[in-house]
Amino acid sequence: MNARLELKIRMLAIMLTGGLVGGLAFVSARGHTSAGELRAGIAYGLLISCAIAVFELFVANGALRERLGRLPFTLNVLVRSAIYAAIIIPIQYYELGAVLVGMPVDPQRASFWSATIYSGLFSIAMNLLLAIANLIGTRALSNFITGRYHSPVAENRFVLFVDIAGSTGLAERLGGVKIHRFLDATFRLLTLQVADFRGEVLHYVGDEVIVTWPERSGAIDARPLRCFLAMREALSRAAPQFAREFGAAPQIRGSLHFGTVIVGEIGDIKRAIVFNGDVMNIAARLEQSSRDIAGGFLASRAALQRFDGPPPVALRDLGRLPIRGRADGIDVVGLAEPAE
């Protein structure tokens, strides 16, 4: 199954569960505990959460993704909240939840405002949670909530460094504001491929993005290597659009390494989950070395040996590469054919 579709189905299930729990909580808090009233509460929760989930997953993250993504955080939340209100008010006003389970409709609509306000506040809270998850990453938010990395943990990870080639020259030609727009458009395109191959964006650093995979996930079907190749294909398809808007199309180079990293929360103000260790340093130095290699990509033998199958493209053995910080160097491979 497509990774993006799988993620949407998972999020749909979470939002429907949240709606069900929220609907039950509301009717129970009002003392409506008969079987019919509980069924109505479930129906309201599922109707509202299903409608909002469809909007969020298939409209806000589909046709409207680019437009909403350009809005400032607060305006983005307000626009989404207005759409939520357009969904919630008709459902509550026409008592569709009660109608759905065969309960009698209250002609006075005595609970309309309280139910609408509750549903709105609950939905806005979910909206804020989704917006925060989008800012810091779904996995990072989950890890903060569960406290997974509150104490440092050693993990085996694939680490992919991806750098936009020639960005310094482009910055001089385009200027500060336009190069920022160029980088933003490029990274938005690249991270779609990260989602497709179940990677996790660790950092954006200037003109570079760092992506990681846990050992078990990354080993499947050589996902980190396939992700990099898919990034290049996506940029190739988008090249005409970039050329029209910026007068240049982005090119990338990269490096892939595998090993043990130390993952943990750090800092007090603006606390973050960071990765430390020799693996990160070596991956960064491999990326620097890839600038002088035909094909613009280097992968360590350590990474390739962890894949559960053959690589998706032909690779060429580059032998042992001297690298700062490793007295004995590191065995690496590159792409067999130079990138066009």
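Between L335 and R232, some side-chain heavy-atom pair lies under the 4.5 Å cut-off. Between V159 and I210 there is a side-chain heavy-atom pair separated by less than 4.5 Å. Put simply, the side chain of P214 does not reach to within 4.5 Å of the side chain of E155, judged on heavy atoms. Counting heavy atoms from C-beta on, the side chains of S300 and D331 never come closer than 4.5 Å. Two residues are said to be in side-chain contact when any heavy atoms from C-beta on lie closer than 4.5 Å; L38 and L24 meet this criterion. Looking at P312 and L229, their side chains come closer than 4.5 Å, going by heavy atoms from C-beta outward. F297 has its side chain out of reach of S255: every pair of non-hydrogen atoms, C-beta onward, lies at least 4.5 Å apart. Looking at heavy atoms from C-beta onward, E287 lies in side-chain contact with E208 at the 4.5 angstrom threshold.
Here the side chain of Q305 pairs no donor or acceptor atom with the backbone of A302 at under 3.5 angstrom. Within the 3.5 Å criterion, the main-chain N or O of G319 finds a donor-acceptor partner in the side chain of D317. Formation of a donor-acceptor pair under 3.5 Å by the S28 side chain with backbone atoms of A25 is not found in this model.
Using a cutoff of 4.0 Å between basic side-chain nitrogens and carboxylate oxygens, E215 and R157 are not scored as salt-bridged. Between R226 and D196 there is no salt bridge, since no side-chain nitrogen of the basic residue lies less than 4.0 Å from a carboxylate oxygen of the acidic one.
In terms of heavy-atom proximity, P224 sits nearest to L256 at CB-CD1, 3.6 Å. Contact detail for F112 and I89: the closest heavy-atom pair is CE1-O, 3.8 Å. Shortest non-hydrogen contact noted between N76 and L68 is ND2-O, 2.9 Å. Residues R80 and A60 share a closest heavy-atom pair of NH2-CB, 3.4 Å. Heavy-atom minimum distance, G147 versus E265: CA-OE2, 4.5 Å. Closest approach of Y44 and I91 over heavy atoms only: CE2-O, 3.8 Å.
In this structure, Y149 has its ring center at least 6.0 angstrom away from the ring center of F144.
Around CZ of R216, the count of heavy atoms belonging to other residues, nucleotides or ligands within 6.0 Å does not exceed 12. Atom NE2 of H150 has 12 or fewer heavy atoms from other residues, nucleotides or ligands within 6.0 Å. Counted within 6.0 Å of OH on Y94, heavy atoms from surrounding residues, nucleotides or ligands total 12 or fewer; the atom is thus considered open. Within 6.0 Å of CZ in R67 there are 12 or fewer heavy atoms belonging to other residues, nucleotides or ligands. Other residues, nucleotides and ligands contribute only 12 or fewer heavy atoms inside 6.0 Å of the CD1 atom of I266.
Considering CG of D207 and CD1 of I252, their distance stands at 12.0 Å, rounded to 0.5 Å. Of the inter-residue distances, the one linking M231 atom CE with L190 atom CG reads 5.0 Å to the nearest 0.5 angstrom.
Note on I87: it does not cluster hydrophobically with L121, by side-chain heavy-atom contacts below 4.5 Å among ILVMFWY residues. A single hydrophobic cluster is not seen to contain both V153 and V274; linkage of ILVMFWY side chains at heavy-atom distances under 4.5 Å, directly or through other members, places them apart. Both Y93 and I48 belong to a single network of hydrophobic side chains, linked directly or stepwise wherever heavy atoms of I, L, V, M, F, W or Y lie under 4.5 Å apart. Neither V177 nor F182 shares a network with the other; the hydrophobic side chains, linked directly or stepwise wherever heavy atoms of I, L, V, M, F, W or Y lie under 4.5 Å apart, form separate groups for each. Under the 4.5 Å side-chain contact rule for hydrophobic residues, I262 and F158 do not share a cluster.
Side-chain contact check for S236 and E233: no donor-acceptor pair (N or O, by modelled atom type) lies under 3.5 Å. With hydrogens and angles left out, the side-chain atoms of S217 and R198 include no donor and acceptor closer than 3.5 Å.
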For this session: For F197 and F228, run ring-ring contact (aromatic ring centres under 6.0 Å, His included): C-alpha distance rounded to whole Å, both residues' side-chain angles, the deciding distance at 0.1 Å, then the answer.
Result: CA-CA 10 Å; F197 290 91; F228 181 78; over 10 Å; no
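Grouped with I293 in one hydrophobic cluster are I282, L286, L298, L318, L321, I323, I330, V332, the linkage being side-chain heavy-atom contacts under 4.5 Å among Ile, Leu, Val, Met, Phe, Trp and Tyr residues.
For R285, there are no salt bridge (Lys or Arg N to Asp or Glu O under 4.0 Å) partners, not counting sequence neighbours.
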